Amino acid sequence: MANFLIKRLVLLIPVFLVVSVIIFMIIHLVPGDPIDNIVQIGSTPQQKAALTAKYGLDKPLIVQYAIWFGKLMTGDLGEAIILRQPVSSLIAQNLPHSLILGSLALAFSTVVGIATGALAAIRRDSWVDRTVMAVILLGSTVPSFWLGLLMILVFAVHLGWFPVSGARSWSALVLPVLTIGLGGVALVARVTRVAMMDISRRDFVMMLHAKGVPPWRINLQHILRHALLPVVTILSLRIGWILGGAVTIEYVFARPGLGSLLITSLNQRDYPVVQGCLLMLAIAVMLGTLLGDVVQALIDPRVRERTG
Amino acid sequence: MALLSVTDLSVSIGRLKPLDGISFDIGKGEIVGMVGESGSGKSLTAMSVMGLLPLIGGKMTSGSIRFDGIDLATLPEPRYRALRGRRIALISQNPMTSLDPIIRIGAQIDQVGILHLGLSDAAAKARSIDIMRQLRIPEAATVHGNYPHQLSGGMKQRVVIAMALAADPELMIADEPTTALDVTIQAQIIQIVVDLVRERGLSLMLITHDMGVVAQACDKVVVLYAGRVAERNGIDAIFGEPQHPYTRELIRCIPRHDQLRGSLTGIPGAVPSVMDYPSGCRFHPRCADALDICAGAIPALEQKAAGFAACHAAINAAGKVSAHG
């Protein structure tokens with residue numbers, strides 16, 4: 001297992017390098033630059049050129065990348081051009097909000113998704129299954145920003161159970177977590193259900209019945225365990241998405257977070273911030289995938305041996 | 001009295017009727033071979049006895065299955081479950097896919113002892129290792145901690161046999177236990193199963209399409225064709241004076257170890273599909289001895305010179321051709 005972990009970590013190094021290049025190049029390919037946003041109206045081209053030079057944006061792209069990457073290796077993400085703060089402190093202010101929201105939403109979709117998916121698979125073709133399937137369909141088609149607005153209207157405005165927006169209290173987390181989580185519940189439940197129904201047709205399940213093992217044990221101790229493999233895969237892919245893709249939800253609930261920071265700085269072409277945010281998301285995706293691989297290896301001995 | 005008594009068993013799956021009036025007995029300590037080509041209903045008969053038809057969407061439509069006096073057709077599921085793996089055990093066709101790939105071998109054998117004999121984890125483990133040794137699994141204690149993919153096919157089949165033996169069953173059903181294995185291991189596995197069954201005085205329903213295996217191992221034989229019993233007889237009579245033309249064709253195919261296992265190219269024609277069984281005797285389109293009546297009337301399973309056969313052309317006990325009598 002240690003061997004497996006080391007190999008996976010080493011594999012992440014080239015991935016990280018490639019990702020860093022892509023992140024850097026993509027933002028510089030977008031038309032416009034941050035200087036347009038800070039330069040004062042009526043400035044001369046000379047003044048603009050001076051500003052451009054000040055931030056090193058006049059150098060060839062490859063040199064800019066080398067400087068950025070060199071600083072990155074010392075842990076320095078640079079200084080925000082527009083926001084005039086170290087990028088690392090901007091991230092430090094916003095990341096915890098995203099992490100709390102993301103991990104709660106992920107936990108919610110994992111637990112509820114697996115439970116409902118398993119229930120639907122075990123009671124297939126019953127009213128339980130049909131109800132779950134209907135909710136899944138709803139959960140995967142309703143846009144989350146709209147669901148968020150609906151939740152605010154019902155639970156915050158009319159019922160007054162939760163705050164409309166903000167991030168000042170724990171109760172302010174309930175609606176955003178539900179909004180992001182429900183899509184995940186639908187996804188996880190669907191994958192769990194399909195995987196369990198597929199696995200229940202395998203020979204070894206027949207053999208378990210022939211051994212006289214009670215159905216609840218077959219379902220929980222054998223079939224569900226197998227079904228967790230694909231579930232873990234989609235969950236690990238979702239980690240990055242929840243951290244960065246929750247941006248619309250952050251907007252709807254007026255919450256700070258990595259997504260909001262990213263969109264704001266993207267609009268202003270604040271290169272260092274955009275790069276820092278994207279880097280965080282890329283790292284989240286990589287760690288998520290790694291975590292997924294590790295959990296899979298823990299579940300399935302064959303995965304351990306394939307790479308270990 | 002027979003340990004297992006199947007009478008007039010018919011099974012339907014949806015609109016199909018793959019088993020039609022199967023009857024046979026298995027006595028205490030008897031090894032009964034079930035032979036027939038693929039699709040003849042051998043495995044389905046096994047599933048019926050195990051009470052696992054609902055898993056494949058099947059249903060008993062008539063007949064009875066009695067095991068040691070218990071009517072299995074009406075037995076409530078919890079009591080049936082207590083019987084499965086405890087008194088009636090299955091050795092499955094494909095050891096490669098019959099074990100849970102992500103659970104250790106040992107745990108899968110221990111499960112039976114813990115479940116049915118109420119053993120502690122440690123006692124079940126000791127018992128499993130003991131059974132594995134009896135099955136000549138080398139380094140049984142090590143293998144107990146292995147995962148299925150770490151074992152060869154032959155070893156996996158021994159593990160499957162160990163699972164079947166773990167609760168000391170009275171009846172074992174071996175569903176083509178060697179089809180998925182290398183030819184070199186097949187005889188070995190059959191020998192292990194037969195030796196164990198004989199030593200312990202168990203009853204065995206041995207499903208196979210290999211008449212050679214039948215000749216080596218069985219006391220009695222039930223020949224199935226297209227969901228019906230074609231012939232039922234003692235081992236000597238089956239090979240000495242086979243009554244049904246299909247049995248004769250099967251025997252004709254025996255000593256051909258050069259041909260691919262399972263391909264009975266010796267019999268002309270193909271096994272009819274369950275969607276479209278021929279009228280009358282289902283073997284008549286392929287039968288060299290077919291009479292006019294064979295296409296129209298279903299032959300009853302009757303006492304013939306020796307044993308039972310369902311054939312219009314077979315000589316009956318009175319020495320006449322039944323079709324003309």
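Scope of the values below: all heavy atoms of this structure, side chains included, with no hydrogens, waters or symmetry mates. Proteins get letters first, then strands, A, B, ... in listed order; numbering begins at 1 in each. Quick caveat, the model's predicted, so the values are computed rather than measured.
In this structure, the separation between CE on B:M163 and CG on A:L208 is 7.5 Å, given to the nearest 0.5 Å. For the atom pair CD1 of B:I56 and CZ of A:R201, the computed distance is 13.5 Å after rounding to the nearest 0.5 Å. Atoms CG and CZ, on B:N94 and A:F204 in that order, are 13.5 Å from each other to the nearest 0.5 Å. A distance of 6.0 Å separates OG in B:S98 from CE in A:M207, rounded to the nearest 0.5 Å.
The number of heavy-atom neighbours closer than 6.0 Å to NZ of B:K125, taken from other residues, nucleotides and ligands shown, is 12 or below. Under a cut-off of 6.0 angstrom, the local environment of CZ in A:R123 is sparse, with at most 12 non-hydrogen atoms contributed by other residues, nucleotides or ligands. Residue B:M275 places its CE atom among 12 or fewer non-hydrogen atoms of other residues, nucleotides or ligands, all under 6.0 Å distant.
Contact count against chain A (heavy-atom pairs under 4.5 Å) is highest for B:H116 among B:M50, B:H116, B:R86. Contacts with chain A were tallied for B:R104, B:E77, B:H149; B:H149 has the most, counting heavy-atom pairs under 4.5 Å.
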Q.
Does B:Q93 form a side chain to side chain contact (heavy atoms under 4.5 Å, CB included) with A:D203? I'd like the steps, not just the answer.
A. CA-CA 9 Å; B:Q93 193 163 12; A:D203 284 353; over 6 Å; no
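Looking at B:P78, neither its backbone nor its side chain comes within 4.5 Å of chain A, counting heavy atoms on both sides. Looking at B:L55, the atoms closer than 4.5 Å to chain A (heavy atoms on both sides) all sit in the side chain, from C-beta outward. For B:M47, the part lying near chain A is the side chain, with the backbone staying farther off; criterion is any non-hydrogen pair under 4.5 Å. Neither the backbone nor the side chain of B:L83 comes within contact range of chain A; no heavy atom of the residue lies under 4.5 Å from a heavy atom of that chain.
Note on residues 223-234 of chain A: pairs passing side-chain hydrogen bond (donor to acceptor under 3.5 Å, both in side chains), not counting sequence neighbours, are A:H226-B:D100, A:T233-A:Q296.
Among residues 209-222 of chain A, the residues having any heavy atom closer than 4.5 Å to a heavy atom of chain B are, in sequence order, A:H209, A:A210, A:K211, A:G212, A:V213, A:P214, A:P215, A:R217, A:Q221, A:H222.
Contact record, B:P101 with A:P301: O-CG, 3.9 Å, taken as the closest heavy-atom pair.
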